[in-house]
Amino acid sequence: MFCSKCGSEIKEGMQFCVNCGNPVKDDKVVPITMPRKKVKILVAGVIILALIVGGCLFGRRLLNKGYYENIAWGTSSADANSILNKKYPEAGFEISDSSTNKDKKSIFGIILDYEDMDVSATPLLTFNEDDELEEVTVYYMVDDDFDGTIIDFISDQKSMYDKKYGNAEIIDTLAYRWETSESEIIFGKYGDKMAVLMMEPRD
């Protein structure tokens with residue numbers, strides 16, 4: 001039995017509530033109900049949790065589109081150059097005319113000690129005639145101080161991409177392919193000390 005005033009449990013045979021002193025009425029059993037304030041707080045907590053989980057899943061979907069440095073396909077060369085120079089100010093990214101087509105632009109830079117791994121990364125971003133990002137190629141070269149071989153680097157990068165984009169399709173020895181909702185990604189060995197990452201939009 002529970003006290004009709006404070007809700008505390010009352011042992012059988014007691015005539016008064018030990019918590020608040022309210023007299024006990026033997027003929028009534030008071031049902032326990034959760035106060036409205038607690039119900040509102042509980043409902044609000046569930047809604048907030050659902051929004052957080054939904055936001056995380058939506059954010060993960062954006063990150064998992066397979067964009068290089070989160071630069072969407074169709075981004076202008078000026079905007080892409082600004083993003084890259086903010087993230088890698090020492091890399092010296094610059095916009096130039098494409099070597100194969102003067103109507104197209106490209107961005108090139110060198111990131112030394114990429115991700116603090118004794119690896120240099122050389123991204124080349126290519127833009128179409130409308131100045132929209134259409135392709136990314138990144139060459140990675142392991143330095144002499146790198147702790148491991150190019151195969152170790154490829155294995156580590158593959159694991160990272162598998163976590164982001166799902167399990168890779170093996171297209172050749174030490175060459176892998178992923179598809180996202182927006183991108184096709186190929187990564188693999190390119191010589192004794194090099195690996196290459198190629199990204200382009202899906203049709």
Side-chain angles (χ1 to χ4, degrees), residues 60 62-128 131-202:
R60 186 172 178 180
L62 285 177
L63 290 174
N64 292 343
K65 289 188 175 186
Y67 298 146
Y68 179 69
E69 298 296 347
N70 292 324
I71 302 171
W73 302 117
T75 300
S76 72
S77 57
D79 288 344
N81 194 53
S82 175
I83 291 166
L84 290 170
N85 276 307
K86 281 181 186 170
K87 182 158 186 185
Y88 303 107
E90 74 290 345
F93 283 101
E94 289 184 1
I95 302 171
S96 62
D97 291 333
S98 170
S99 58
T100 57
N101 185 338
K102 296 297 179 196
D103 293 329
K104 292 185 174 187
K105 301 240 180 265
S106 62
I107 296 176
F108 174 82
I110 299 174
I111 304 166
L112 300 173
D113 203 21
Y114 172 75
E115 301 289 330
D116 297 323
M117 290 191 297
D118 293 317
V119 173
S120 60
T122 307
L124 174 65
L125 287 71
T126 307
F127 299 79
N128 63 22
D131 194 33
E132 298 171 332
L133 180 62
E134 66 175 0
E135 187 177 87
V136 176
T137 305
V138 185
Y139 297 96
Y140 298 96
M141 178 176 279
V142 295
D143 299 337
D144 292 335
D145 295 332
F146 181 72
D147 186 25
T149 66
I150 189 65
I151 295 170
D152 297 321
F153 173 73
I154 290 170
S155 177
D156 290 345
Q157 293 297 106
K158 179 193 175 291
S159 295
M160 179 189 72
Y161 290 131
D162 280 346
K163 286 178 186 170
K164 279 180 159 180
Y165 310 127
N167 291 332
E169 172 191 347
I170 300 170
I171 56 175
D172 202 348
T173 305
L174 295 175
Y176 308 96
R177 180 177 174 271
W178 296 265
E179 273 193 7
T180 70
S181 61
E182 302 290 325
S183 306
E184 181 177 349
I185 303 160
I186 295 175
F187 178 69
K189 190 171 183 252
Y190 188 75
D192 292 338
K193 289 191 167 190
M194 292 183 71
V196 64
L197 171 71
M198 295 178 286
M199 308 174 86
E200 59 183 29
R202 290 183 64 187

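For the numbers below, each heavy atom of this structure counts, side chains included, while hydrogens, waters and symmetry mates do not.
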Main-chain N/O of Ile185 paired to Ser183 side chain as donor or acceptor, under 3.5 Å: no

How long is the span from the CE atom in Met141 to the OG1 atom in Thr122, to the nearest 0.5 Å? 8.0 Å

Quick one: do Asp172 and Lys189 make a salt bridge, cutoff under 4.0 Å? no

With rounding to the nearest 0.5 angstrom, report the CG to CD1 distance, Leu174 to Ile150. 9.5 Å

State, to 0.1 Å, how close Asn128 and Glu134 come at their nearest heavy-atom pair, and which atoms those are. CB-OE1, 3.3 Å

Nearest heavy-atom approach of Ala168 to Tyr176 is CB-CB, 3.7 Å

Minimum-distance pair of heavy atoms, taken over all atoms of Ile154 and Ala195: CG1-CB, 4.0 Å

More than 12 non-hydrogen atoms from neighbouring residues, nucleotides or ligands closer than 6.0 Å to OH on Tyr190, yes or no? no

Of Ile107, Val138, Thr137, the one forming a side chain to side chain contact (heavy atoms under 4.5 Å, CB included) with Pro123 is Val138

ring-ring contact (aromatic ring centres under 6.0 Å, His included) contacts touching residues 93-124 (sequence neighbours left out): Tyr114-Tyr140

Answer yes or no: is there a side-chain heavy-atom contact under 4.5 Å between Tyr88 and Glu69? yes

In Å, rounded to the nearest 0.5 Å, how long is the span from NZ of Lys104 to OG of Ser77? 13.0 Å

Here the pair of heavy atoms bringing Phe127 nearest to Thr75 is CE2-O, 3.3 Å

Quick check against the 3.5 Å criterion: does Thr180 have a side-chain atom that pairs as donor or acceptor with the backbone of Lys65? yes

Side-chain donor or acceptor of Ser159 paired with backbone N/O of Ser155 under 3.5 Å: yes

Side chain Asn85, main chain Asn81, donor-acceptor under 3.5 Å: yes

Are any of the side-chain heavy atoms of Met117 and Gln157 separated by less than 4.5 Å? yes

Pair Ser76, Asp131: side-chain N/O donor-acceptor within cut-off below 3.5 Å: no

Take Leu112 and Glu90 through the side chain to side chain contact (heavy atoms under 4.5 Å, CB included) test and state the conclusion after the steps. CA-CA 8 Å; Leu112 300 173; Glu90 74 290 345; 5.9 Å; no

Taking the side chain from Asp113 and the backbone from Asp118, do they hold a donor-acceptor pair closer than 3.5 Å? yes

Please answer whether the main-chain N or O of Asp145 pairs with a side-chain N or O of Asp143 as donor and acceptor at a distance below 3.5 Å. no

Nearest heavy-atom approach of Leu124 to Ser106 is CD1-CB, 4.0 Å

Step-by-step side chain to side chain contact (heavy atoms under 4.5 Å, CB included) determination, Leu125 to Leu84: CA-CA 11 Å; Leu125 287 71; Leu84 290 170; 3.9 Å; yes

Sort out for me which residue in Glu184, Glu179, Glu182 forms a salt bridge (charged side-chain N to carboxylate O under 4.0 Å, His left out) with Arg202. Glu179

So does Phe153 get a backbone contact from the side chain of Asp156, meaning a donor-acceptor N/O pair under 3.5 Å? no

Within this structure, what is the CD1-CD1 distance for the pair Ile171 and Ile186, rounded to the nearest 0.5 Å? 4.5 Å

I need the minimum non-hydrogen distance between Glu135 and Trp73, along with the two atoms involved. N-CZ3, 3.6 Å

Look at the aromatic rings of Tyr161 and Phe187 and report parallel, tilted or perpendicular, splitting at 30° and 60°. perpendicular

